[in-house]
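Below: the structure, in structure tokens.
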Amino acid sequence: PEPCDYTVIDMCSESRRMACGKGARSPVAIATSICRTSWKRTKKCLVLMFDDPGRMHAMREVLHQKRYKPLSQEKIDAGLLAGKVVVDGKLYAPDMLPYTKKEMSAFDLRTDIVWPRLWSSRGGKDVAFRLIKDACIYWHHEHSKPGQEFVVRYPGQLVSYPYSCPGAAETLRSVSSDTFGEADQMIAEAAKLLSPLGTVFLQTIDTDIILQMLVSRGIYPTSRVWLRLMNETVSAHGLVGLYGGESIEQRLTACFFLLCCNGVDYTCGLGGYGFYITGLSSLAHSPPVFSV
């Protein structure tokens with residue numbers, strides 16, 4: 001699409017996408033890449049949303065433990081034979097060991113960091129998000145132009161720049177009150193609040209956003225919202241109006257069969273049990289299986 005009025009970014013997925021690879025880069029370099037690219041497609045306001053761990057659903061930790069099970073002794077032994085190193089029960093290549101707490105305490109906005117090492121460090125994710133958040137604020141102090149508003153939602157913090165301009169920040173002040181602290185949930189909530197005010201561009205690599213937009217009561221076939229995933233841009237109009245259907249029952253049904261096709265993070269969906277994906281997807285426009 002043409003540049004939108006608002007761009008809202010899931011910074012947990014965007015930070016990982018931008019801060020990857022074995023080469024060392026500073027938080028300022030990462031923030032510069034994110035902000036420059038984002039403002040090319042934004043006319044009025046850029047909104048960055050980070051996870052809020054203090055609001056997570058209790059089941060999230062249970063599912064996380066099931067998803068990332070401890071390595072068996074056999075896998076550890078095989079890794080050691082291959083020249084890897086064990087740290088906290090996990091295997092790492094010798095040049096990709098997690099950072100120590102002492103090393104991380106010395107990081108600042110201009111420290112060259114090997115980001116995969118930071119992501120795998122104990123407490124490293126929190127350090128990474130804080131550094132990238134601060135670097136994005138720093139970038140806007142140095143480079144923002146008149147008429148550009150910048151909003152960051154971070155645990156316990158809502159920053160709007162320029163500070164004298166309430167605008168979108170006031171609209172988004174309570175955006176996470178109906179979520180469990182996941183950034184992709186918060187950008188979906190932000191889309192519902194901002195779409196009546198102008199065109200909205202949502203950016204995440206988490207495809208859950210497709211399901212959330214499909215069933216959201218605050219998003220309509222007329223909503224001027226686009227979802228930017230890894231290499232695709234999806235129109236909310238096409239997703240909600242053409243694929244989902246006219247009623248919330250039809251939209252829930254379409255979402256249900258998408259889940260049947262591909263599952264979620266913790267299950268492969270019915271496609272993994274011998275069902276044909278094309279057959280399942282064709283049922284998305286069958287008579288609704290939900291009554292609301």
Interatomic spacing from CZ in F50 to CE in M186 - rounded to 0.5 Å:
10.0 Å
For R122, all residues meeting salt bridge (charged side-chain N to carboxylate O under 4.0 Å, His left out), sequence neighbours excluded
D88
Just wondering, are more than 12 heavy atoms of other shown residues or ligands nearer than 6.0 Å to CD in E2?
no
Test question: given the 4.5 Å side-chain rule for I, L, V, M, F, W and Y, name all other residues clustered with W226, or answer none.
F201
Decide whether a cation-pi geometry holds between R55 and F180; the criteria are a distance under 6.0 Å from NZ or CZ to the six-membered ring centre and an angle within 45° of the ring axis.
no
Side chains of M104 and S121 in contact at under 4.5 Å (non-hydrogen atoms):
yes
Please give me the minimum heavy-atom distance between A183 and D10, naming the atom from each residue.
CB-OD1, 3.1 Å
List in chain and number order the residues that pass side chain to side chain contact (heavy atoms under 4.5 Å, CB included) with D126, two or more places apart in sequence or in another chain; answer none if no residue qualifies.
none
Does the side chain of Q250 come within less than 4.5 Å of T253's, by heavy atoms?
no
Hydrophobic cluster membership, F257 vs V292, 4.5 Å side-chain cutoff
yes
Would you say the side chain of V85 lies within less than 4.5 Å of the side chain of L97, judging by non-hydrogen atoms?
yes
Compare all side-chain heavy atoms of L227 with those of M213 and state whether any distance is below 4.5 angstrom.
yes
Same apolar cluster (I L V M F W Y, side chains within < 4.5 Å links), Y99/L109:
yes
Before we go on, tell me: are the rings of W119 and F129 under 6.0 Å apart, centre to centre?
yes
Is it true that I9 and Y138 fall in one hydrophobic cluster, defined by side-chain heavy atoms closer than 4.5 Å?
yes
Look at atom CD of Q157 and say whether more than 12 heavy atoms of other residues, nucleotides or ligands are closer to it than 6.0 Å.
yes
Angle between ring planes, H141 versus Y161, binned at 30° and 60°: parallel, tilted or perpendicular?
tilted
Please report the interatomic distance CD(E14) to CG(D206), rounded to the nearest 0.5 Å.
12.5 Å
Do you know which two heavy atoms are closest between T42 and T7, and how far apart they sit?
OG1-OG1, 2.6 Å
Dump the intermediate steps for side chain to side chain contact (heavy atoms under 4.5 Å, CB included) on T37 and C35, then the final yes or no.
CA-CA 5 Å; T37 301; C35 296; over 6 Å; no
For I137 and Y154: C-alpha separation, side-chain torsions, deciding distance, then whether side chain to side chain contact (heavy atoms under 4.5 Å, CB included) applies.
CA-CA 12 Å; I137 294 172; Y154 186 77; over 6 Å; no
For L280 against C260, the heavy-atom pair lying closest together
CD1-O, 3.7 Å
Please give me the minimum heavy-atom distance between S120 and M96, naming the atom from each residue.
OG-O, 4.5 Å
Is it the case that the side chains of S33 and R25 hold a donor-acceptor pair, with the cut-off being a distance below 3.5 Å and no angle test?
yes
In this structure, would V159 and M11 fall into the same cluster of hydrophobic residues linked by side-chain contacts under 4.5 Å?
yes
Working to the nearest 0.5 angstrom, can you tell me the gap between T207 OG1 and Q212 CD?
10.5 Å
Cluster question for you: counting only ILVMFWY and a side-chain heavy-atom cut-off of under 4.5 Å, with indirect links fine, are M56 and I209 together?
no
Correct closest heavy-atom pair for I187 and L202 would be O-CD2, 3.7 Å
So how far is it from R41 CZ to T233 OG1, rounded to the nearest 0.5 Å?
7.0 Å
As an exercise, state the distance from OH of Y220 to NZ of K192, rounded to the nearest 0.5 Å.
8.5 Å
When rounded to the nearest 0.5 Å, the distance separating CG of L48 from CD1 of I34 is 7.5 Å
Heavy-atom check, side chain of K22 versus side chain of R117, under 4.5 Å
no
Answer yes or no: is there a side-chain heavy-atom contact under 4.5 Å between V28 and W139?
no
Do the side-chain N and O atoms of R110 and S26 include a donor-acceptor pair separated by under 3.5 angstrom?
no
Quick one, H285 and Y243 - any side-chain contact, counting heavy atoms below 4.5 Å?
yes
Cut-off 3.5 Å, side chains only: do E149 and S160 have a donor facing an acceptor?
yes
Is R60 salt-bridged to E182, cutoff N-O under 4.0 Å?
yes
Taking the side chain as C-beta and beyond, is there a heavy-atom pair between V200 and R224 under 4.5 Å?
no
Look at atom CZ of F275 and say whether more than 12 heavy atoms of other residues, nucleotides or ligands are closer to it than 6.0 Å.
no
Closest approach of I132 and A31, non-hydrogen atoms and distance?
O-CB, 4.4 Å
